[in-house]
K.L.:
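Sharing a structure with you now.
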Number of protein chains: 2
Amino acid sequence: MEKVDIKRLARELNLSISTVSRALRDSHEISDSTKKKVFELARQLNYQPNPHASSLREQRTKTIALIIPEVANNFFSLVIDGIESIAAEKGFHVLIYLTHEKTEKEVEFVRQLSNGRVDGILMSVSGLGQSITHLEDLMQKNIPLVFFDRTPDELDVPKIITDDRDSSFRATEHLIQCGCKKIVHVSILRQMSISDKRKQGYLDAINKHGLPEMVLDCSIDEEETYQLIKTCIREQKPDALFASLERLAIAAYYVCGELGLNIPGDLKVLSFSNLQTASLLNPPLTTVTQSAFDMGAAATKQLFRLIKGQEIDERTITIRADLIRRKSTSCD
Amino acid sequence: MEKVDIKRLARELNLSISTVSRALRDSHEISDSTKKKVFELARQLNYQPNPHASSLREQRTKTIALIIPEVANNFFSLVIDGIESIAAEKGFHVLIYLTHEKTEKEVEFVRQLSNGRVDGILMSVSGLGQSITHLEDLMQKNIPLVFFDRTPDELDVPKIITDDRDSSFRATEHLIQCGCKKIVHVSILRQMSISDKRKQGYLDAINKHGLPEMVLDCSIDEEETYQLIKTCIREQKPDALFASLERLAIAAYYVCGELGLNIPGDLKVLSFSNLQTASLLNPPLTTVTQSAFDMGAAATKQLFRLIKGQEIDERTITIRADLIRRKSTSCD
DNA sequence: CTGTTAGCGCCTTCAC
DNA sequence: GTGAAGGCGCTAACAG
């Protein structure tokens, strides 16, 4: 099948290439009759402009890149959904890159994208706290760039984050209002600003109400975490656990099963979680859930503002997390 | 910051553009000393070739497109992971398009991709059984195309599928070996070849062992499904349910809770499911799980064969599903 | 209103 | 071993 490009259309219609080009872009300086003929043939032959030729010529690609640590995870899946929705709406294409938490892959992707492949980049950082020189280089290039969820504190860039401290505060107060007096915050020690903020929200609420600060710092090791939680429940006898991360909640959940504790009767368990199926657990867990779709959508909109060269009024946008109460764990 | 392209390298090194181009591609007709100088400067300035210029010139983009119905779903997340892994390994880029089950979006995406944006397309069809003229058009264009999971039976194209009938057969035999004698297959009526194959596997196993065929066809309506299952359990008193789809298993799971039936003590529940967290249910469910990552990887490898113009020996590749037994539901 | 021309950045014949 | 020139498909400035 013969290639269908502008040249072909021009030849078949006995017009010049530029006339066809202008007609296709609905230029006002082309007669209606010509436009009609061009459109008609284009439709008939199903003409689609070659995007690489346009990109090269116009120096804009109508494509954005998304760099994330992983995708087998409800949070990032929903984020992709939000991003794709907005992008498709604006006629943009989305390239996806997975780092699998490896900073070196992130560096490599960023390097590859630094030469006009895309109009902008959305990114959730892999090894936070690691070197960010590659990100600084990227900023130098003046490529529109928006971070979301896992964002580098050190850089002054547009970012979309969750209101971790506030939602943690609200969640803790929720437990307090349910009558809990000994609330343990299950966290991890790894340096991660996100955990710190959640811990802070917990502490603020606890102190506001004059309750005892009970923080349990777990480790990366699954088994050790499991034991730490078990010991904590046995010795401190809390009436509520507030987990900073999903996997900590799951661990707590199983420890409760082992100890024969009923949730939420004997012990309330509340967690930050994006696991859609937290509601499938029996009993279901009450969760603080990030609005992943909204984060993706907000990040993309912000990126488009940068691409269009618009001024950005808020460099940091905060998306509120939802406190989702499962029926059987509600306090009322 | 001044743009860094071949021209710039050439100018700074007092070489011609073509020499630099050849040096960068490590051509044998360039002296080692020149190559070294070129590489050195390229590294120093972090030169990255403009991909659109290359694509235009070489008529190949090192990019593939992935069209899927949705992503907020463990199966497709893992598929993306598999695809991205193989693609990244080969230096390819992946564009992602979500149809949200709308055939018209699928048609639109396919149309957009038909003019050289990508070297090949991976696709899981939305609205199976609907019109496939857009897919036929795509095949006409001779653009490499591989289907996976949801594939159009009508077309003779490379496809990656799950061994639905066989795994269903194996799963049913597993239940039989556990001593079950009244096994209900919970399915849906909607015309979908995938359900039919699973039903067939069940029937084959049942008939082989001379047990009664007990098929419960549910509806799309959630509430109705729920009632149908409840009635079935009450009246037919099966000793096992084998769900064809995840959501049917979840429904069955909750019905059991309501009826006070223990899983798997009173009733075994087994299901086709890609929900990673099926193991989090309490009790966990035994599942037949598609090897999503492997499907993505296999599809991508197949696509690369087509892109390279290699002959394809098997047009249909079958990926085995895994029977994942949860500890507490194992029969032994 | 329409056509001619000159690139976008890269690769590749063809010449020397 | 290196350089000059043409063109991938498209757009836009400049002519008529």
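Below, all heavy atoms of this structure are taken into account, side chains as well, without hydrogens, waters or symmetry copies. First the proteins, then the strands, lettered A, B, ... as listed; each starts at 1. Here the structure is a predicted model, which is why all the values come from computation and not from measurement.
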K.L.:
Would you please name every residue forming a ring-ring contact (aromatic ring centres under 6.0 Å, His included) with A/Tyr47, sequence neighbours left out?
P.N.:
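Testing A/Tyr47 for ring-ring contact (aromatic ring centres under 6.0 Å, His included), a comparison that skips the adjacent residues, returns none.
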K.L.:
Calculate, to the nearest 0.5 Å, the distance between atoms OG1 and CD1 belonging to B/Thr318 and B/Ile160 respectively.
P.N.:
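Answer for the OG1-CD1 pair, B/Thr318 versus B/Ile160, is 8.5 Å.
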K.L.:
Look at A/Ser16 and C/dG3 and indicate whether a side-chain polar atom (N or O) is within less than 4.0 Å of OP1 or OP2.
P.N.:
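Yes.
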K.L.:
Can a donor-acceptor pair be found between the side chains of B/His134 and B/Glu106 at a distance below 3.5 Å?
P.N.:
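Yes, because at least one side-chain N or O of B/His134 sits under 3.5 Å from a partner of the opposite role on B/Glu106.
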K.L.:
So, OP1 or OP2 of D/dT2: does either fall under 4.0 Å of a side-chain N or O from B/Ser18?
P.N.:
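No, outside the criterion.
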K.L.:
Show me the pairs that pass side chain to side chain donor-acceptor pair (under 3.5 Å) and involve residues 82-92 of chain B, at least two apart or across chains.
P.N.:
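Matches after skipping sequence neighbours: none remain.
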K.L.:
For DNA chain D, which residues of residues 20-35 of chain A approach it to below 4.0 angstrom with any heavy atom?
P.N.:
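When residues 20-35 of chain A is checked for heavy atoms under 4.0 Å from DNA chain D, the hits, listed by number, are A/Ser21, A/Arg22, A/Arg25.
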K.L.:
Just the rounded figure in Å: distance from P of C/dG3 to CG of A/Leu13.
P.N.:
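After rounding, the reported distance stands at 11 Å.
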K.L.:
Quick test: give all pairs of protein nitrogen or oxygen and nucleotides 7-9 of chain D nitrogen or oxygen below 3.5 Å, distance rounded to 0.1 Å.
P.N.:
residue : atom : partner : partner atom : Å
D/dG7   : N2   : B/Arg57 : NH1          : 3.4
D/dC8   : O3'  : B/Gln59 : NE2          : 3.2
D/dC8   : O2   : B/Arg57 : N            : 3.4
D/dG9   : OP1  : A/Lys3  : NZ           : 2.6
D/dG9   : OP1  : B/Gln59 : NE2          : 3.3
D/dG9   : OP2  : A/Lys3  : NZ           : 3.4
D/dG9   : N2   : A/Ala53 : O            : 3.3

K.L.:
Take the protein atom CD1 of B/Ile17 and the nucleotide atom C1' of D/dG6, then report the distance between them rounded to whole Å.
P.N.:
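Taking CD1 of B/Ile17 and C1' of D/dG6, I get 13 Å after rounding.
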K.L.:
How would you list, by chain and number, every residue that makes a ring-ring contact (aromatic ring centres under 6.0 Å, His included) with A/Phe109, sequence neighbours excluded?
P.N.:
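ring-ring contact (aromatic ring centres under 6.0 Å, His included) check on A/Phe109 returns A/Tyr97.
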K.L.:
If you look only at pairs with a residue in residues 302-312 of chain B, which of them pass as a side chain to side chain donor-acceptor pair (under 3.5 Å), with sequence neighbours excluded?
P.N.:
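Sorted result for residues 302-312 of chain B: B/Gln302-B/Arg305.
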K.L.:
Given B/Ile67, which of B/Val125, B/Leu122, B/Ile121, B/Ile96 fulfils the side chain to side chain contact (heavy atoms under 4.5 Å, CB included) condition?
P.N.:
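Testing each of B/Val125, B/Leu122, B/Ile121, B/Ile96 against B/Ile67, the sole residue satisfying side chain to side chain contact (heavy atoms under 4.5 Å, CB included) is B/Ile121.
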K.L.:
Taking atom types as modelled, find out whether A/Gln112 and A/Glu108 have a side-chain donor-acceptor pair closer than 3.5 angstrom.
P.N.:
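Per modelled atom types, A/Gln112 and A/Glu108 side chains form a pair under 3.5 Å.
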